[in-house]
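Single-structure report; data block below.
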Amino acid sequence: MAKKRNIIVGQSGGPTSVINSSLAGVYKTAKERGFHKVYGMLHGIEGFLDEMYVDLSTQIHSDMDIELLKRTPSAFLGSCRYKLPDIHENPEIYEKIFSILDKLQIEAFIYIGGNDSMDTIKKLSDYAIVKGHAQKFLGVPKTIDNDLALTDHTPGFGSAAKYIATSTKEVIRDAMGLSYKRKMITIMEIMGRNAGWLTGATALAKTEECCGPDLIYLPEVPFDLEKFLKKCTDLLKKKPSIVVAVSEGIKTPDGTYVCQLAGGSDYVDAFGHTQLAGTASYLAAYLASQTGHKTRAVELSTLQRSASHMASRVDINEAFMVGGAAVKAADEGDTGKMVVIDRVSDDPYMSAAGIYDVHKIANNEKLVPRNWVNREGNYVTQDFINYVEPLIQGDYQPFMVNGLPQHLVLRR
Ligand code: F6P
């Protein structure tokens, strides 16, 4: 009997509002290319080790389901933050993974994730080559942080940037309306860990009818609390209300995260990342005590990565494209690689899928170049804005049911 051509896909790391569009791209392309079964691992490689997976044809029944999946935020299959041990540390884990893959007759393993997740693709593809296993391992980029190397940008970033810029405009309107005889300082905290791409995207809020944020602080530039206080006080002499965007990961010159000045969280994930939260609250309390003005902290938190009602059409389409491109690459014999997005032109904006060695991507962080931040270190430049602007274009309307967006959810 001919060997079955099966494929398995997983999602890993922090979710985005378009990660499921990549999953839809994997599923549709795998079916078009004649794969027999498309399995989805539940909660990434961590769940796979517990033999948690589904046959995706039991979940996706029609083109309508594919469309719904593309509009569904968070990881449809469930995600994980799980670091595979090095091969010599725990060979049994690798033997287990490959025995499950063999049992399911898997030909290609596709993992949708960020730089930590690409570590899994790197390790599994290396192991397969050394041990002579035939399976192909391909990565699909995903992260709102936009910190993956060698790709122009990452799926998930454009939609988060669009939501953040929109929210910044809305927060500015709210603050302007309330500051009549009283001064007001609003601090917005944006995700991105050590990369300031998303925080910089608040600059897109500066439009014909909106002044945009007054100050923007990225983690790439050391943060000086005293200079910050002086800057805010000077600005408040000229206007009643200021809005400041800060990255969750800003650090003082000695390398301390600002959020840790107030204690912060002790939680550290499997990749050694400390949970970052509380930067805006700390700064709002600090400014209130130093200036006596009213302050407010706005932490966008998970909203920025799950706001699929505000997704960018460019982002949804690219997320779908890279999912499909990974299946095609694996089917054509590639392994140990990640699909990348190449910017083909800016005006009109066009992109295409490329492919790169995952060893050059895993565990790396692509930061905002220093020359895309102004000299004072408190705003981004026009080059930064020109880079992000095409990625937030267009929308992808949710299917509304009884006034709310409808999602596709896993049925077991
Ligand atoms: O990796 C994406 C990301 O959204 C980061 O920007 C953020 O620091 C982190 O995830 C938060 O992760 P969690 O929700 O697991 O605390």
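Residues: numbered from 1 along the sequence shown.
Side chain to side chain, N378 and N374 meet the donor-acceptor criterion of an N or O pair below 3.5 Å. Neither side chain, H88 nor D86, offers a donor N or O lying under 3.5 Å from an acceptor on the other. No side-chain donor-acceptor contact under 3.5 Å links T381 and D383. With hydrogens and angles left out, the side-chain atoms of D315 and H153 include no donor and acceptor closer than 3.5 Å. Side-chain contact, H43 with D50: no donor N or O sits under 3.5 Å from an acceptor N or O. Under 3.5 Å, the side chains of D65 and Y27 contain no donor-acceptor pair of N or O atoms.
At most 12 non-hydrogen atoms from other residues, nucleotides or ligands lie less than 6.0 angstrom from CG of N402. Atom OH of Y356 has 12 or fewer heavy atoms from other residues, nucleotides or ligands within 6.0 Å.
For the ring pair (Phe, Tyr, Trp, His ring centres under 6.0 Å) test, residues two or more places apart in sequence or in another chain that qualify with Y39 are Y53. For the side-chain hydrogen bond (donor to acceptor under 3.5 Å, both in side chains) test, no residue two or more places apart in sequence or in another chain qualifies with E170.
Under the 4.0 Å criterion applied to side-chain N and carboxylate O atoms, D214 and K239 are assigned as salt-bridge partners. Taking 4.0 Å as the cut-off between side-chain N and carboxylate O, K231 and E376 count as a salt-bridged pair. A salt bridge links K123 with D119; the closest basic N to acidic carboxylate O contact falls under 4.0 Å. For the pair R71 and E67, the salt-bridge criterion is met [side-chain N within less than 4.0 Å of a carboxylate O]. A salt bridge links E332 with R33: the distance from a Lys NZ or Arg NE/NH1/NH2 to an Asp or Glu carboxylate oxygen falls below 4.0 Å.
Taking all atoms of both residues into account, the shortest heavy-atom contact from V140 to M118 is O-CE, 3.5 Å. The nearest pair of heavy atoms linking A329 to L138 is CB-CD1, 4.0 Å. Heavy atoms only, all atoms of each residue included: I392 and G158 are closest at CG2-O, 3.4 Å. Across all their heavy atoms, A24 and I66 have their closest contact at CB-CG2, 4.0 Å. A pairwise comparison of heavy atoms in S74 and P15 identifies CA-CB, 3.6 Å as the closest pair. In plain terms, the two heavy atoms of G139 and A326 that are nearest each other are O-CB, 4.5 Å.
Annotation: side chain of D334 is in contact with side chain of I355 (closest heavy-atom distance under 4.5 Å). Here the side chains of K28 and I60 are not in contact, with every heavy-atom distance at 4.5 Å or above. At least one side-chain heavy atom of L391 sits less than 4.5 Å from a side-chain heavy atom of R343. Looking at I100 and I106, their side chains never come closer than 4.5 Å, going by heavy atoms from C-beta outward. You'll find the side chain of C232 reaches within 4.5 Å of the side chain of L287, heavy atoms only. The shortest side-chain heavy-atom distance between P155 and F320 does not fall under the 4.5 Å cut-off. Inter-residue side-chain proximity for Y349 and E389 is flagged as unmet; no heavy-atom pair is nearer than 4.5 Å. Side-chain atoms of W197 and W372, non-hydrogen and from C-beta on, do get closer than 4.5 Å to each other.
Residue pairs meeting the ring pair (Phe, Tyr, Trp, His ring centres under 6.0 Å) criterion with at least one partner in residues 209-233, sequence neighbours excluded, are Y217-F223, Y217-F228, F223-F228.
Taking CD1 of I8 as the reference point, atom CZ of F109 lies at 7.0 Å (rounded to 0.5 Å). Distance check: L235 CG to K230 NZ gives 10.0 Å after rounding to the nearest 0.5 Å. One finds the CG atom of N194 at 12.0 Å from the CD1 atom of I250 (value rounded to the nearest 0.5 Å). Taken to the nearest 0.5 Å, the OG atom of S12 stands 6.5 Å off from the NZ atom of K142. One distance of note links NZ of K183 with NZ of K294; it measures 15.5 Å at 0.5 Å rounding. Atoms OG1 and OH, on T166 and Y163 in that order, are 9.0 Å from each other to the nearest 0.5 Å.
Each of H407, K70, Q11 was checked for a side chain to side chain donor-acceptor pair (under 3.5 Å) with N20, and the lone residue meeting it is Q11. Residue T279 is tested with E189, K251, Q260, E299 for a side chain to side chain contact (heavy atoms under 4.5 Å, CB included); the sole match is E189. Partner of L148 under the side chain to side chain contact (heavy atoms under 4.5 Å, CB included) criterion, out of N364, I341, I361, V340: I361 alone.
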Next on the checklist: Under the criterion side chain to side chain contact (heavy atoms under 4.5 Å, CB included), I'd like the reasoning laid out for T143 against N115: C-alpha separation, chi angles, the key distance, then a yes or no.
Outcome noted: CA-CA 9 Å; T143 169; N115 36 27; over 6 Å; no

Begin with the C-alpha distance, continue with both residues' side-chain angles, and end with the deciding distance and a verdict on side chain to side chain contact (heavy atoms under 4.5 Å, CB included) for I112 and L77. CA-CA 11 Å; I112 308 169; L77 295 169; over 6 Å; no

Exercise. I would like to know whether D126 and Y94 meet side chain to side chain contact (heavy atoms under 4.5 Å, CB included); could you show each step before the answer?
Key: CA-CA 11 Å; D126 286 351; Y94 289 82; over 6 Å; no

Open item on the list: Quick one, S159 with T16, criterion side chain to side chain contact (heavy atoms under 4.5 Å, CB included). Give me CA distance, side-chain angles, the key distance, then yes/no.
Closed with: CA-CA 8 Å; S159 297; T16 77; over 6 Å; no

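Side-chain atoms of D342 do not come within 3.5 Å of backbone N or O of V344 as any donor-acceptor pair.
Checked against a 6.0 Å centroid threshold, the rings of F137 and F98 count as neighbours.
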